[in-house]
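Numbers for residues simply follow the sequence, beginning at 1.
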Amino acid sequence: MTSELTSVLTSVLTMAKWALMDRSVNTPEKLLHAFRTDNPTAPRLTWYGPDSERVEFSGRVLDNWVAKTANYLVDELDAEPGTVVALHLPLHWRSMVWLLATWAVGAKAVTVPGTTISSTTDAPGADAETHRWAELAANADILATAWPDVAHTHLTGAKSDLLVVAVALPALQMRWMSELPPRTLDYSGDVRSHADVFFADSAADSQDVAWQHHSTGTSECTTTYAALLTPGAELLSVPHIPLPLAPQRVLLHVRDGWDAVVRDALSIWAAGGSIVLLADGVADTPALRASEQITLG
């Protein structure tokens, strides 16, 4: 058999494998299983953040982080299907982990547009920020925030038993470094003690809302668990280009917003691929594309 024919057959078999996998990876549980069993040492998420921060997660390590966070949600915060988890976080590898963990538990995640929120109540655009806070706080049981001091100034009218969780964003920050407001939990300081494997006690119904968010533009929408992982979707961040069957290494930008980034990441992961996510201000350069072996985006 010639090397050319061998290469063609290998390519065809790979595409067939991932085509079947794409149809089968249609729930958060199956996606996490794929992370830890299908080429688990290969990169699945690479993050480029401020100050030259680069963090890479293999499938196994990403699943480990999600499992620890899901166990933290259940063991420390009493999360279960139907619990509302509001994310006052920028688009970031930490927020991607929190989304996946929320869905592993069967809870409902809530996000709002924008990658950052002002740290002062009298900053320009304060009215818009107040509206975002109202969206986040309404009916939330758990609020994960990168700005706990700001959070406590906006929570008038929230549930009296709302749990506020401080999430430190830097990868190497093992705990919240400054004093926390009263009744605020330290995710980074507590999550590492939790188990590396997560087993859900119960599952969400397929028609339960998994994610309350905003579609392209400003309109609010909800995504059910049944619609969370849909095979064969066209990428929102790379318009008019269907996602190929074989696994891809796809470049995504925080500037494209929650809807595009999260939907695209789920589609890419379900097809066996990986994402490279660039924070605002990180340059998309030919050198970065070459070093990360980007194939799409």
Side-chain angles (χ1 to χ4, degrees), residues 10 14-15 17-18 20-22 24-49 52-73 89 91-105 167-174 187-188 191-200 228-229 231 235 237 243-254 261-279 282 287-297:
T10 300
T14 299
M15 291 177 67
K17 170 188 174 183
W18 291 111
L20 289 171
M21 182 171 295
D22 185 48
S24 64
V25 179
N26 55 9
T27 67
E29 180 183 9
K30 291 179 179 179
L31 178 61
L32 296 177
H33 178 77
F35 283 165
R36 60 181 177 268
T37 59
D38 298 317
N39 200 8
T41 59
R44 285 290 199 148
L45 169 60
T46 304
W47 163 256
Y48 279 81
S52 303
E53 181 183 50
R54 180 185 181 277
V55 187
E56 184 165 278
F57 302 87
S58 67
R60 180 179 292 124
V61 172
L62 183 54
D63 173 69
N64 179 281
W65 269 99
V66 173
K68 283 182 175 294
T69 304
N71 281 311
Y72 174 80
L73 281 166
L89 300 169
L91 255 176
H92 189 277
W93 71 263
R94 298 269 194 193
S95 50
M96 298 298 283
V97 166
W98 268 80
L99 280 174
L100 291 170
T102 298
W103 295 330
V105 171
V167 179
L169 298 179
L172 299 180
Q173 193 165 320
M174 303 299 184
Y187 163 77
S188 300
V191 70
R192 295 171 190 274
S193 65
H194 288 269
D196 297 344
V197 179
F198 176 71
F199 298 100
L228 201 55
L229 284 149
L235 295 181
S237 56
L243 183 63
L245 293 178
Q248 302 293 311
R249 180 82 160 150
V250 185
L251 188 65
L252 301 178
H253 299 265
V254 162
V261 169
V262 174
R263 287 183 182 278
D264 284 356
L266 292 173
S267 295
I268 294 158
W269 286 332
S274 63
I275 68 168
V276 178
L277 181 59
L278 303 190
V282 177
L288 182 148
R289 287 173 172 268
S291 66
E292 295 295 347
Q293 301 181 319
I294 301 299
T295 61
L296 195 62

Search all heavy atoms of [X] against all heavy atoms of [Y] and return the closest pair with its distance.
| X | Y | answer |
| --- | --- | --- |
| Ala101 | Ala70 | CB-N, 3.6 Å |
| Leu99 | Val262 | CD1-CG2, 3.7 Å |
| Val55 | Ala171 | CG2-CB, 3.6 Å |
| Ile275 | Ala265 | CD1-CB, 3.9 Å |
| His194 | Lys68 | O-NZ, 2.7 Å |
| Ala279 | Gly49 | CB-CA, 3.9 Å |

State the [atom1]-[atom2] distance between [X] and [Y], to the nearest 0.5 angstrom.
| X | Y | atom1 | atom2 | answer |
| --- | --- | --- | --- | --- |
| Leu229 | Trp103 | CG | CH2 | 8.0 Å |
| Met96 | Trp47 | CE | CH2 | 10.0 Å |
| Leu62 | Leu31 | CG | CG | 8.0 Å |
| Leu278 | Thr46 | CG | OG1 | 10.0 Å |
| Ile268 | Arg44 | CD1 | CZ | 10.5 Å |

When you measure from the side chain of [X] to the backbone of [Y], do you find a donor-acceptor pair of N or O atoms at a distance under 3.5 Å?
| X | Y | value |
| --- | --- | --- |
| Gln293 | Ser291 | no |
| Asp63 | Phe35 | no |
| Arg36 | Asn64 | no |

For a 4.5 angstrom cut-off between non-hydrogen side-chain atoms, does [X] reach [Y]?
| X | Y | value |
| --- | --- | --- |
| Asp38 | Val25 | no |
| Leu251 | Arg289 | yes |
| Val250 | Asp264 | no |
| Val261 | Val254 | no |
| Phe198 | Val105 | yes |
| Leu45 | Trp65 | no |
| Gln173 | Ser188 | no |
| Leu100 | Trp269 | yes |

- Task: Please state whether the rings of Trp93 and Phe57 are parallel, tilted or perpendicular, taking 30° and 60° as the class boundaries.
- Result: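 Tilted, since the angle between the ring planes falls between 30° and 60°.
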
- Message: Other residues, nucleotides and ligands only: do more than 12 of their heavy atoms fall within 6.0 Å of CD on Glu29?
- Response: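 No, not enclosed.
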
- Does a donor on one side chain and an acceptor on the other come within less than 3.5 Å for Ser274 and Arg249?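 Indeed, the side chains of Ser274 and Arg249 share at least one donor-acceptor pair under 3.5 Å.
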
- Query: salt bridge (Lys or Arg N to Asp or Glu O under 4.0 Å): which pairs involve residues 93-105, sequence neighbours left out?
  - Reply: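 As it turns out, there is no salt bridge (Lys or Arg N to Asp or Glu O under 4.0 Å) pair with a partner in residues 93-105 once direct neighbours are skipped.
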
